[in-house]
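Below is one structure; the comments refer to it alone.
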2 protein chains.
Amino acid sequence: MSSAEAAGVPEGTSSTGRPPSDGSARDRIRDAAVLRFARSGFGASVRTIAADAGVSPALVIHHFGSKDALHRACDDFVLRWIMGSKRQNMGKATNGQLLQVMAEIDEYAPLLGYSVRSLQAGGEVARAFVQHMIDDAQVYTREAVADGIAKPSVDEDARVRYLVLSALGTMLLSLTLDPPEDPEDFRAAVSNFMADQYLPMIELFTQGFLTSRRMLDDYLLYVGDPPGASPGQSDADHEHVPETTSEEP
Amino acid sequence: MSSAEAAGVPEGTSSTGRPPSDGSARDRIRDAAVLRFARSGFGASVRTIAADAGVSPALVIHHFGSKDALHRACDDFVLRWIMGSKRQNMGKATNGQLLQVMAEIDEYAPLLGYSVRSLQAGGEVARAFVQHMIDDAQVYTREAVADGIAKPSVDEDARVRYLVLSALGTMLLSLTLDPPEDPEDFRAAVSNFMADQYLPMIELFTQGFLTSRRMLDDYLLYVGDPPGASPGQSDADHEHVPETTSEEP
DNA sequence: CAACACACTAAACGCTTGTTCAGCCTGGCC
DNA sequence: GGCCAGGCTGAACAAGCGTTTAGTGTGTTG
């Protein structure tokens, strides 16, 4: 939590004090907008944001041109913030798999709410956010497979994409179904979610769900080898239980 | 204008015929609202819905009282429809696991868009929708475990909840990131999604992701037994021993 | 027939929205 | 000093929203 928003400056506008160095009002508006969008969604009104920032609605438009442009500016800001934070955290914890991504999210805290709203709304930030996570996870997963921590996949790219979409989507749906009373506290909600879902998730990641390979083998036989496949992976044929499961299309 | 009344009155009455049992205009408004909400989200205006139904905005309010009440009526209608369809499909395919849930969704087609919007927006329908899916999956999973198709879990309830949240959430996020150009066609989008994600999903379900049980065992050791697995329940505590012949060292 | 009920509508009301406009205030430059 | 640039504002505007109101037409009922 940065809590850098502690700029006092309540309405005691003695001589309209504003630091002359750089447009602090513009930044204050942007910060207020990010916070308000996170709290109330992107339907939040310009007037509300202006009130949060302690300025007039007209000034918001004066500085950003329109509400849409303000939204885009917030997207830019958050995206830049995330990318910086990512690069900073990239070094540590190369042991991580996908779970690591979730743990990292907990560190993204201040702008987590904004990201969640963006994911709910779709659009450019959401796509970029997910894509960056996928890129990260690709590195982690490759290393995990090389280190023998993770099993190889028939199609690594598809698996990484699925795992990221799954981890994010599950959390997103959970947050949507039971949103935190205080919209400020996405962080606590994420922690709760992790506490609830960690066991089944890691259980699935450890032992899988099905007892037989039949479904997978049938599918592989049906579609042929997918693009990324190198068929030499004899690593994974240890589990041939010739079980006659019930019928399946 | 006013060609609306000439268009599409299923009952043979030529002029403003309305059966005394149930008003057809009311139904037409509800149907138009469901479609419009699915197409444009719940922010769609009463005026738009009225135009779609070929009536005046005032009539919408006259019949439903308010836009919120109309929304609730649509929720009721869709929920009832889903529950009926569920009951109808419940008989077949008891072999299904969670994948079955996804396949079923493809059959929910007409109201799929509405459900997706509801899941995106959260609220009562979304919760009910998910809960019903969980209830279904609980039955399926129990049977699959009993039949030896699915592996047992340390906490079956938590697993089912996670699997449903994961399956739905993944699809929801995918649909949000790349929404279909024609909002009518959520069905095709779901099919595409399934085509893309089936392999990694079934691979994960078959072989898991991690090579060692260590993370799971560490977690179980750390938290002790989860709430669902009381020691008296002899049914499910055969899984505590670290047997897992399917895992490589 | 008159009288009522009710589906239905055009028009307007009140409100909120994003945005614009004219002008105030102040700091810096001549 | 004068004067301009620009951050900043209160007031207003147009558009859209959900909803209300007053009223029209029509089928049913006494």
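Bear in mind the structure is a predicted one, so any value in this text is a computation, not a measurement. Side-chain atoms are counted along with the backbone in the values below, which use heavy atoms only and exclude waters and symmetry mates. All chains are named by letter (A, B, ...) in the order of the sequence lines, taking the proteins before the strands, and each is independently numbered beginning at 1.
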- prompt: Does Glu156(A) come within less than 4.0 Å of Arg159(A), counting only side-chain N to carboxylate O?
  reply: yes
Where protein sits on nucleotides 10-17 of chain D, one letter per nucleotide: B base, S sugar-phosphate only, - none, heavy atoms under 4.0 Å: B-B----B
Between P of dA5(D) and NE2 of His63(A), the distance in whole Å: 18 Å
message: Does a side-chain N or O of His62(A) approach OP1 or OP2 of dC8(D) to a distance below 4.0 Å, or not?
response: no
message: What is the distance, to the nearest angstrom, from the CG atom on Leu70(A) to the P atom on dT17(C)?
response: 15 Å
field: Atom pair distance, as rounded to whole Å: CZ in Phe64(B) and C1' in dG18(D)
entry: 15 Å
- line: note: Ile61(A), atom CD1; dT17(C), atom C1'; distance rounded to Å ~ 11 Å
task: Grab the CG-P distance between Leu59(B) and dA11(C) for me, whole Å please.
output: 17 Å
query: Which whole-number value in Å describes the distance from Arg26(B) CZ to dC6(C) P?
result: 15 Å
- prompt: For the pair made of CG in Asp68(B) and C1' in dT19(D), what is the distance, rounded to whole Å?
  reply: 13 Å
task: Specify the closest pair of heavy atoms between Ile29(B) and Ile49(B), including all atoms of both residues, with the distance to one decimal.
output: O-CG2, 4.1 Å
- prompt: With sequence neighbours excluded, what pairs up with Phe37(B) under the ring pair (Phe, Tyr, Trp, His ring centres under 6.0 Å) test?
  reply: Phe42(B), His71(B)
query: Below 4.0 angstrom, N of the basic side chain to O of the carboxylate: do Arg161(A) and Asp157(A) qualify?
result: no
task: Using atom CD1 of Ile29(B) as one end and atom C1' of dT9(C) as the other, report the distance to the nearest whole Å.
output: 12 Å
field: Pair Arg30(B) + Asp27(B), salt bridge at N-O below 4.0 Å
entry: yes
task: Measure from the side-chain N and O atoms of Ser174(B) to the backbone N and O of Thr170(B), and report whether any donor-acceptor pair falls under 3.5 Å.
output: no
